[in-house]
Amino acid sequence: MTGTEERTSAESPEPGGYAAARLRLLTEGARTGPPRRAALAELTDDWLAGLFAAGAGRPQGISGVSLVAVGGYGRGELSPRSDLDLLLLHDGSDPTAVTALADRLWYPVWDLGLDLDHSVRTLAEARRTAGEDLKVQLGLLDARHLAGDLGLTAGLRTAVLADWRNQAPKRLPELKELCDERAERQGELRFLLEPDLKEARGGLRDATALRAVAASWLADAPREGLAEARRTLLDVRDALHLSTGRATDRLALQEQDQVAAELGLLDADVLLRQVYEAAGVISYAADVTWREVGRVLRSRAVRPRLRAMLGGGKQVAERSPLAEGVVEQDGEVVLARAARPERDPVLALRAAAAAAQAGLPLSPYAVRRLAAAARPLPTPWPAEAREDLVTLLGSGRPTVEVWEALEAEGLISRLLPDWERVRCRPQRNAVHIWTVDRHLIETAVRAAALTRHVHRPDLLLVGALLHDIGKGWPGDHSVAGEIIAKDVAGRIGFDAEDAAVLATLVRHHLLLIDTATRRDLDDPATVRSVADAVGTQGTLELLHALTEADALATGPAAWSSWRGSLVADLVRRVGALLAGDLPDEPAPTAPTAEQERLAIEAFRTGGPVLALRARSEPVPAEETPGAPEPLGVELLIAVPDQSAVLPAVAGVLAVHRLTVRTAELRTLRLPQDVNDGDGSVLLLDWRVAAEYGSLPEAARLRADLVRALDGSLDIQGRLAERDAAYPRRRGLLAPPPRVTVAPAASHHATVIEVRAQDGPGLLHRIGMALEKAGVRVRSMHVSTLGANAVDAFYVTTGAGEPLPEQDAGSVARVLEETLRAP
């Protein structure tokens with residue numbers, strides 16, 4: 001069918017002709033992106049104009065009536081599943097005829113199954129409704145004539161724009177509040193794994209808001225890249241509509257690969273990176289625009305009073321010096337009149353450091369000038385440039401806004417070329433709440449609060465900036481990052497010794513947290529391995545601060561006072577060993593009075609004894625006082641040493657819907673005056689939380705535990721019945737579990753590491769598998785990070801010896817197969 005035939009078919013008021021032409025347009029694949037959206041809008045325009053003429057009974061329509069497209073349709077941005085925003089505008093002379101015409105317009109649209117947002121109003125009604133409802137007013141700003149009385153539509157556009165400009169000082173703060181509320185509700189598009197392309201901050205709604213601000217003539221957004229960013233998000237939405245067949249704006253994880261393929265992209269990560277880059281452009285433009293709106297409105301409010309006081313005359317904005325070539329003017333950091341960026345390669349970093357230190361934004365015009373004219377820094381950097389970078393990184397929260405201003409004009413990648421690989425890179429891990437680049441800056445922000453705790457704050461801050469720089473390369477990011485960090489350190493002017501320290505920090509930035517939460521700190525091999533990797537007290541001090549900053553910047557699931565205390569304990573032990581003060585065989589940590597009491601009672605009664613109590617983590621003294629950090633409930637269990645304790649306890653907790661947050665198990669030998677022989681008790685220290693409702697009573701838990709230990713409680717049957725009664729919802733397909741043997745982790749036991757999706761009964765299944773393998777769990781260290789369980793089990797033979805290498809590998813394989821089974 002030719003283009004003329006297709007258009008003629010679409011102009012027919014019959015729904016079938018339009019539907020067939022629409023389907024051809026969406027499936028032929030010849031046109032994509034803006035051309036397809038424009039063609040779809042034109043096709044729809046012709047069809048609706050035909051409906052209007054047929055409904056009115058004559059081509060020119062009814063006098064004093066027009067059909068108007070508003071909102072996204074008014075802008076000509078029709079995605080495959082977009083709804084139609086239509087206004088039937090009339091002069092009020094013949095309401096009956098207008099009502100009949102409306103029915104002839106709306107019903108064919110509904111018959112095709114298209115979503116329709118429609119209204120019928122006079123010009124006065126439209127203006128009044130716009131004055132009462134900001135969303136209506138925003139839609140009318142994009143009003144576009146489709147059919148009927150062109151003069152009536154032109155009058156609407158003129159009146160609505162005039163009203164908007166006259167009311168801008170009042171309406172723009174309302175619009176800003178609307179945008180802020182939406183951002184709080186939907187989150188930041190450029191950091192979400194399943195973003196809403198329209199509603200999230202930096203999405204299509206914000207792009208529309210920026211158009212409205214520009215239409216007010218009060219302020220305007222930075223134009224560079226903004227149109228391209230909007231186009232990218234619209235293209236992704238088109239592909240999302242076509243691949244799902246639904247009118248959705250949420251880019252769900254399970255649909256990202258299909259959307260990427262629709263757009264001809266390599267994979268979902270490439271897709272997300274493009275989305276994040278576009279959202280970053282829109283977010284930055286919004287920040288700059290709303291800052292300018294605030295400045296203009298404040299200026300308008302103050303100016304009349306100043307004129308009255310000073311007798312009129314134009315006031316010159318005051319400029320306060322901040323650094324060489326850098327001044328503050330009107331709440332922003334700008335370049336001094338005498339500044340020459342083309343002759344001063346350090347000026348960009350000096351201006352950024354001055355802005356962050358002053359807690360002020362960098363003027364976008366200053367950044368644009370720096371990007372256009374600044375000379376590249378020599379290699380290695382001069383000392384001033386390196387010091388300005390450290391100052392910028394050490395300024396705390398203001399660093400983020402200044403860094404993003406430099407990013408918006410490409411200055412960061414010019415200063416640090418390796419940054420390009422991590423820029424806007426998604427992290428498909430529920431624990432992480434930021435992209436890689438933003439996580440690095442957030443880590444520097446957190447590290448800035450810890451600079452008083454270390455002797456070399458400059459190395460801490462640069463280490464924070466670079467610790468995940470290897471995530472842009474294949475393989476282990478710590479290994480790749482070590483090489484990159486050493487190279488970057490040399491380029492920015494650190495000497496060989498400092499560069500080696502930075503490389504060590506990057507290589508081992510996960511060492512302390514992994515060891516503290518997954519290893520037995522009473523085992524000398526654990527402490528010795530960390531000391532060998534760290535090397536010096538100074539590096540240990542830096543690594544301790546970097547560990548805390550990294551975890552705090554990752555997300556709420558990655559750090560707590562409990563984790564902090566484990567890391568601090570490890571650091572204390574390693575520090576003592578590095579200082580030569582730690583004996584080769586340290587005594588195990590002494591039990592508390594309560595633990596000893598429970599152990600003695602368990603030994604005397606021959607059965608399990610437990611204590612259940614609420615626990616909260618105290619707020620550290622150096623932090624702002626506030627409510628304690630909730631930790632859940634501490635469950636202490638003492639059981640005479642016997643087999644199958646771990647699966648029994650874990651199974652009982654699962655039956656009672658208790659989620660295990662952390663768990664430790666160890667063997668406690670009782671003093672001779674208690675047992676008169678070789679008696680030992682298993683001591684389990686758990687942190688649990690109720691999945692639903694309140695916690696069960698301790699007596700009920702103990703009764704079920706007794707039954708589980710003697711075999712009369714069918715744990716697996718109870719869990720299976722519950723799963724059958726309440727089938728799990730479909731969700732993200734979790735990666736398969738992984739079980740490994742940690743080499744040389746302990747001289748006294750074999751350490752088996754388990755990483756798996758957390759879920760009811762997981763620990764019970766692990767315990768059962770280890771029990772069937774005939775190994776003895778000497779101790780364990782269980783933790784949960786978001787939806788992921790990260791567990792370490794110290795196991796021995798029945799004789800208390802580490803497993804032979806072949807047996808250890810076999811146990812790990814069997815355990816992994818067990819966890820993979822449905």
Given side chain to side chain contact (heavy atoms under 4.5 Å, CB included), test Leu193 with Leu272 step by step and report yes or no. CA-CA 8 Å; Leu193 278 176; Leu272 278 186; 4.2 Å; yes

Given Leu335 and Leu370, is the side chain to side chain contact (heavy atoms under 4.5 Å, CB included) satisfied, shown in steps? CA-CA 9 Å; Leu335 300 184; Leu370 287 166; 4.1 Å; yes

Criterion side chain to side chain contact (heavy atoms under 4.5 Å, CB included) on Tyr73 and Val68, from CA distance to verdict: CA-CA 10 Å; Tyr73 181 29; Val68 184; over 6 Å; no

Determine, step by step, whether Trp403 and Val445 satisfy the side chain to side chain contact (heavy atoms under 4.5 Å, CB included) criterion, reporting the C-alpha distance in whole Å, the side-chain angles of both residues, the deciding distance to 0.1 Å, and the verdict. CA-CA 11 Å; Trp403 191 274; Val445 169; over 6 Å; no

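Rounded to the nearest 0.5 Å, atoms CG (Leu138) and OG1 (Thr208) are 8.5 Å apart. The line from CG of Leu87 to CZ of Arg144 is 13.0 Å long, rounded to the nearest 0.5 Å. Atom-to-atom distance recorded for Glu255:CD and Leu240:CG is 6.0 Å, nearest 0.5 angstrom. Rounding to the nearest 0.5 Å gives a distance of 8.0 Å between CZ of Arg250 and CG of Leu192. For the atom pair OG of Ser82 and CG of Asp238, the computed distance is 7.5 Å after rounding to the nearest 0.5 Å. Atom CG of Leu116 is separated from atom CG of Leu84 by 6.5 Å, given to the nearest 0.5 angstrom.
Residues satisfying the side chain to side chain contact (heavy atoms under 4.5 Å, CB included) criterion with Val160, sequence neighbours excluded, are Leu140, Leu141, Leu156. Take Arg165 and apply the side chain to side chain contact (heavy atoms under 4.5 Å, CB included) test, not counting sequence neighbours, and it matches Leu161, Trp217. Here Tyr107 pairs with Trp110 under the ring-ring contact (aromatic ring centres under 6.0 Å, His included) rule; sequence neighbours left out. Arg128 is linked by a salt bridge (Lys or Arg N to Asp or Glu O under 4.0 Å) to nothing, counting only residues two or more places apart in sequence or in another chain. By the side chain to side chain contact (heavy atoms under 4.5 Å, CB included) test, Glu292 is found to be paired with Ala219, Arg295, Val296, residues two or more places apart in sequence or in another chain being considered.
Ser283 places a side-chain heavy atom less than 4.5 Å from the side chain of Arg201. At a threshold of 4.5 Å between non-hydrogen side-chain atoms, the residues Arg37 and Arg231 count as touching. In this structure, the side chains of Arg121 and Arg127 stay at 4.5 Å or more apart for every pair of heavy atoms. With a 4.5 Å cut-off on side-chain heavy atoms, Arg425 and Thr435 do not count as touching. Side-chain contact between Tyr18 and Pro108 is absent, with no heavy atoms from C-beta onward closer than 4.5 Å. Looking at heavy atoms from C-beta onward, Glu404 lies out of side-chain contact with Ile441 at the 4.5 angstrom threshold. Between Thr32 and Leu263 the shortest side-chain heavy-atom distance does not fall below 4.5 Å. Side-chain atoms of Leu175 and Trp290, non-hydrogen and from C-beta on, do get closer than 4.5 Å to each other.
Here the side chain of Gln427 pairs a donor or acceptor atom with the backbone of Trp434 at under 3.5 angstrom. Counting only distance, with no hydrogens or angles, the side chain of Asp267 and the backbone of Val270 share a donor-acceptor pair below 3.5 Å. Distance alone, capped at 3.5 Å, is enough to place a donor-acceptor pair between the Asn166 side chain and the Ala162 backbone. The closest donor-acceptor contact from the side chain of His241 to the backbone of Thr248 lies under 3.5 Å. Side chain of Glu409 to main chain of Arg368: no donor-acceptor pair is present (N/O by atom type, distance under 3.5 Å, no hydrogens or angles). A donor-acceptor distance shorter than 3.5 angstrom exists from the side chain of Ser216 to the backbone of Val213, with no hydrogens or angles considered. With Arg104 contributing its side chain and Leu51 its backbone, the two residues share no donor-acceptor pair below 3.5 Å. Between the Gln256 side chain and the Leu251 main chain, a donor and an acceptor come within less than 3.5 Å of each other.
Closest approach of Ala268 to Ala260, counting heavy atoms only: N-CB, 4.1 Å. The two residues Asp437 and Arg423 have their closest heavy-atom pair at OD2-CA, 3.6 Å. When all heavy atoms of Glu332 and Ser363 are compared, the pair lying nearest together is OE1-CB, 3.7 Å. Considering all non-hydrogen atoms of both residues, Ile282 and Ala207 come closest at CG2-N, 4.0 Å. In terms of heavy atoms, Glu199 sits closest to Asp196 at N-OD1, 2.8 Å. Annotation for Cys424 and Tyr276: closest pair O-CD1, 3.4 Å, computed over non-hydrogen atoms.
By the 4.0 Å N-to-carboxylate-O rule, Arg291 lies too far from Asp287 to be salt-bridged with it.
Applying the salt bridge (Lys or Arg N to Asp or Glu O under 4.0 Å) test to pairs two or more places apart or on separate chains, those with a residue in residues 74-86 are Arg75-Glu77, Arg75-Asp142, Glu77-Arg230.
Heavy-atom neighbours of Arg205 CZ from other residues, nucleotides or ligands within 6.0 Å: at or below the threshold of 12. The neighbour count for Glu181 CD, taken as heavy atoms of other residues, nucleotides or ligands under 6.0 Å away, is above 12. Heavy-atom neighbours of Glu224 CD from other residues, nucleotides or ligands within 6.0 Å: at or below the threshold of 12.
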